Structure formats: structure tokens, C-alpha cells
Amino acid sequence: MDTEIIEQLETTQNAVINFFINYGFQFIGAIIILLLGWQVSRWVSRLVLKLCDRAKLDVTLSRFFTNVTKTLVLIFVIIIALGKFGITIAPFIAALGAIAFGSTLALQGPLSNYGAGLTIILTRPFVVGDTIKIQGVSGVVDEIKLAYTYLTNEDNEKITIPNKQIVGEILHNTFSNLLVETVIRVGYGDEPDRVIGIIRNVLSEHEEVANDPPPVVGIHDFGEYAVEIGMRYWLPTKRYYELLYGINQEISNKLRENNITIALPQRDIHIKNGPG
């Protein structure tokens with residue numbers, strides 16, 4: 001029994017020695033190529049990132065180009081390393097093609113997300129920091145990946161949208177702000193120009209109200225019982241409701257100080273006495 005174990009150990013030892021004799025230099029060369037290739041890929045990716053920064057590309061596009069460049073360099077290095085062992089990549093490419101073809105239907109959803117993500121990154125309908133509204137949700141773009149786009153809102157909620165739900169849909173991009181559209185109804189006895197001036201002063205004194213485009217205040221419509229004063233202005237998305245409520249309070253206070261009241265619906269009721 002001991003003799004058989006010794007023979008097996010000798011056989012294993014001989015196989016290991018023969019491997020290193022036949023492929024030792026190739027193995028060492030492949031390891032060196034991989035290490036050098038890894039360093040080169042990092043250097044090239046940093047170079048691409050610097051070029052993107054110099055060209056003032058947005059963060060999403062810069063990261064995409066950097067990652068693609070690094071991946072391509074590593075693939076090229078792996079192919080060279082495999083060649084040191086006399087291994088051709090043609091069978092691997094054929095096998096990967098067959099696997100990809102067979103799994104296309106099963107991965108249709110995820111693959112469509114990746115394709116849509118690539119479209120978003122290249123066409124840039126929005127970038128990190130923009131405010132978008134799509135599929136009934138809105139928020140500030142926090143991160144764009146190949147499969148998903150992540151939004152955040154004023155409540156610090158993280159909204160994840162599959163990219164295939166974005167491409168081909170109607171997209172509203174208001175960049176860093178959201179639009180406020182509202183109407184105040186005042187009585188016909190009040191001077192509309194005076195009311196408009198009060199509202200404009202409140203908006204102009206607020207630093208958070210965007211100046212580009214500037215706020216617009218004017219007569220929106222003439223109702224049955226009131227003049228409708230319309231307002232359109234922009235507020236930062238991250239503090240939208242906080243600022244909106246504060247501005248509404250200031251406008252209400254200023255109107256009250258100037259003896260201007262918000263008009264309420266009125267009805268005239270005439271009572272007629274019946275016969276007798």
C-alpha cells in the first residue's frame with residue numbers, strides 16, 4: 001500500500017515538474033503580462049478621465065468612457081496572456097456567442113435596460129443633478145448606471161427607475177429647479193396692479209427664487225367673483241415644498257397688511273314671497 005502511495009506521489013511530482021519545464025516560462029510570462037496589463041489599464045483609464053475633465057464632459061459620460069477603456073485594455077491583455085499558452089480564443093468566442101444567443105429571451109428585460117442605459121449615457125437627455133419627471137415620478141438625478149437611473153427627492157427617498165422605462169417615454173427635464181404655477185383670487189374692488197406689485201416684491205426679495213427665467217406675475221383670468229392673479233416661478237427641487245410654503249405665507253401676510261383679502265365664492269339669493 002505504501003508503495004502505491006509513493007508511486008502516485010512520484011507521478012504527481014513528475015507531472016508538476018514536466019508542467020513547469022514545458023510551461024514555466026509561459027506561465028511566468030502570462031503573469032507578468034497580466035500584472036503589466038492591469039497597471040496599463042489603470043493608467044489609460046486615468047488618462048481618459050483627465051481628457052474627459054478637460055473636455056468638460058459630465059460625470060456620467062466620463063465614468064462610462066473610463067470603464068469601457070479599462071475593460072477593453074484588460075480584454076486585450078487577457079487575449080495576449082492566453083496566447084502564451086498556445087490557447088486560441090476562437091472556441092471561446094463561439095461558445096460565448098452560443099450562450100448569448102440561447103439566453104437572449106431569458107435576459108431580454110435586463111439586456112434592454114443595459115441598451116437603454118447606454119442610449120441615455122451617449123445621448124444625455126439628462127445628467128446628474130437634473131430634475132426629471134417620468135412615469136409619474138420626479139426627483140433629482142443622483143446616479144446613472146447602465147441598468148438603472150437613481151433619483152432622490154426632498155424627502156430623501158431613493159427612486160430606482162429601470163432605464164428601459166425612460167427611453168422612448170415623454171421626459172420632463174427642468175434641470176435643477178421645479179416650476180411653481182398658482183393663482184390667487186382677489187376681489188374686483190382691489191387694484192390688480194397693486195396686488196401684482198406686492199407679489200413681485202415678495203418674489204424678488206427671495207434669494208432662492210430663480211432669476212433665469214425670472215418670475216412672471218400677471219392677471220390670469222377674470223372670474224365670476226374675482227380677478228385671478230397668476231404666478232409662475234422656479235424653486236430648487238431639493239427644497240421645493242419648504243420654500244413654497246414659506247413664500248405663500250409671506251404673500252398672505254403682505255396682502256393682509258395692505259388690506260387685500262382673498263376673494264371667496266359669492267352667491268346672491270333672492271327670496272320671493274309666494275301668493276297669500
Side-chain angles (χ1 to χ4, degrees), residues 34 37-79 81-82 89 91-178 236-240:
L34 289 174
W38 174 257
Q39 293 298 326
V40 170
S41 68
R42 295 179 61 185
W43 178 80
V44 173
S45 63
R46 285 197 296 266
L47 178 62
V48 171
L49 184 59
K50 289 181 180 178
L51 292 175
C52 291
D53 291 339
R54 189 177 302 172
K56 296 182 178 180
L57 296 180
D58 65 88
V59 177
T60 303
L61 203 56
S62 299
R63 289 177 181 173
F64 173 74
F65 285 142
T66 301
N67 291 333
V68 168
T69 302
K70 188 174 183 179
T71 302
L72 290 176
V73 172
L74 287 176
I75 291 174
F76 184 71
V77 169
I78 291 172
I79 291 174
L82 290 175
I89 63 168
F92 293 100
I93 294 176
L96 289 175
I99 293 172
F101 179 78
S103 60
T104 298
L105 294 178
L107 298 175
Q108 187 173 1
L111 288 177
S112 60
N113 280 332
Y114 285 111
L118 184 60
T119 301
I120 292 171
I121 291 171
L122 293 178
T123 59
R124 292 191 296 170
F126 54 84
V127 297
V128 173
D130 284 353
T131 300
I132 66 171
K133 182 178 181 181
I134 191 168
Q135 297 288 344
V137 298
S138 63
V140 178
V141 179
D142 185 54
E143 190 175 8
I144 304 171
K145 292 190 174 183
L146 280 177
Y148 301 97
T149 294
Y150 299 98
L151 310 181
T152 55
N153 58 19
E154 192 172 356
D155 299 323
N156 288 325
E157 295 176 334
K158 189 169 186 178
I159 304 169
T160 303
I161 306 177
N163 286 331
K164 68 177 181 180
Q165 301 295 332
I166 298 177
V167 174
E169 299 292 334
I170 298 175
L171 173 70
H172 298 266
N173 186 353
T174 57
F175 303 98
S176 60
N177 297 321
L178 275 177
T237 305
K238 285 290 189 180
R239 300 180 59 202
Y240 178 81

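We're numbering straight along the sequence, starting at 1. No hydrogens, no waters, no symmetry mates; every other heavy atom, side chains included, goes into these values. Please read these numbers as outputs of a predicted model, since none were measured by experiment.
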Could you walk me through whether D142 and L151 pass the side-chain contact (heavy atoms from CB on, under 4.5 Å) check? CA-CA 5 Å; D142 185 54; L151 310 181; over 6 Å; no
Would I159 and N153 count as a side-chain contact (heavy atoms from CB on, under 4.5 Å) if you check the C-alpha gap in whole Å, the side-chain angles of each, and the deciding distance to 0.1 Å? CA-CA 8 Å; I159 304 169; N153 58 19; 4.1 Å; yes
For Y150 against K145, the heavy-atom pair lying closest together: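 Result for this residue pair: CE1-CD, 4.0 Å.
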Quick one: closest heavy-atom pair of Q165 and Q135, and the distance?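 Looking at all heavy atoms of both residues, the closest pair is O-NE2, 3.1 Å.
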Is the side chain of [X] donor-acceptor paired with the backbone N or O of [Y] at a distance under 3.5 Å, no angle test?
{"X": "T237", "Y": "S176", "result": "yes"}
{"X": "E143", "Y": "V128", "result": "no"}
{"X": "D155", "Y": "E157", "result": "no"}
{"X": "N163", "Y": "G115", "result": "no"}

Spacing of [atom1] belonging to [X] relative to [atom2] belonging to [Y], to within rounding of 0.5 Å:
{"X": "S138", "Y": "L178", "atom1": "OG", "atom2": "CG", "result": "6.0 Å"}
{"X": "L146", "Y": "Y114", "atom1": "CG", "atom2": "OH", "result": "7.0 Å"}
{"X": "I134", "Y": "L171", "atom1": "CD1", "atom2": "CG", "result": "5.0 Å"}
{"X": "F126", "Y": "N173", "atom1": "CZ", "atom2": "CG", "result": "8.0 Å"}
{"X": "T69", "Y": "R42", "atom1": "OG1", "atom2": "CZ", "result": "15.5 Å"}
{"X": "T174", "Y": "K133", "atom1": "OG1", "atom2": "NZ", "result": "9.5 Å"}

Any luck finding a side-chain donor-acceptor pair between T131 and K238 under 3.5 Å?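 On atom types as modelled, these side chains do not qualify, holding no pair under 3.5 Å.
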Using a 6.0 Å cut-off, check whether atom OH of Y148 has over 12 heavy atoms from anything other than its own residue.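 Count not over threshold, so no.
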Whether over 12 other heavy atoms sit under 6.0 Å from L122 CG: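 Yes, because the 6.0 Å sphere around CG of L122 holds more than 12 heavy atoms from other groups.
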I166 and side-chain contact (heavy atoms from CB on, under 4.5 Å): which partner among T119, T149, N113, I144?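 Passing option: T149.
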If we only count heavy atoms from C-beta on, is the [X] to [Y] side-chain gap below 4.5 Å?
{"X": "I120", "Y": "P125", "answer": "yes"}
{"X": "V140", "Y": "D130", "answer": "no"}
{"X": "I75", "Y": "V73", "answer": "no"}

Geometric cation-pi criterion, K70 with W38: 6.0 Å, 45°: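 Satisfied, under 6.0 Å and within 45°.
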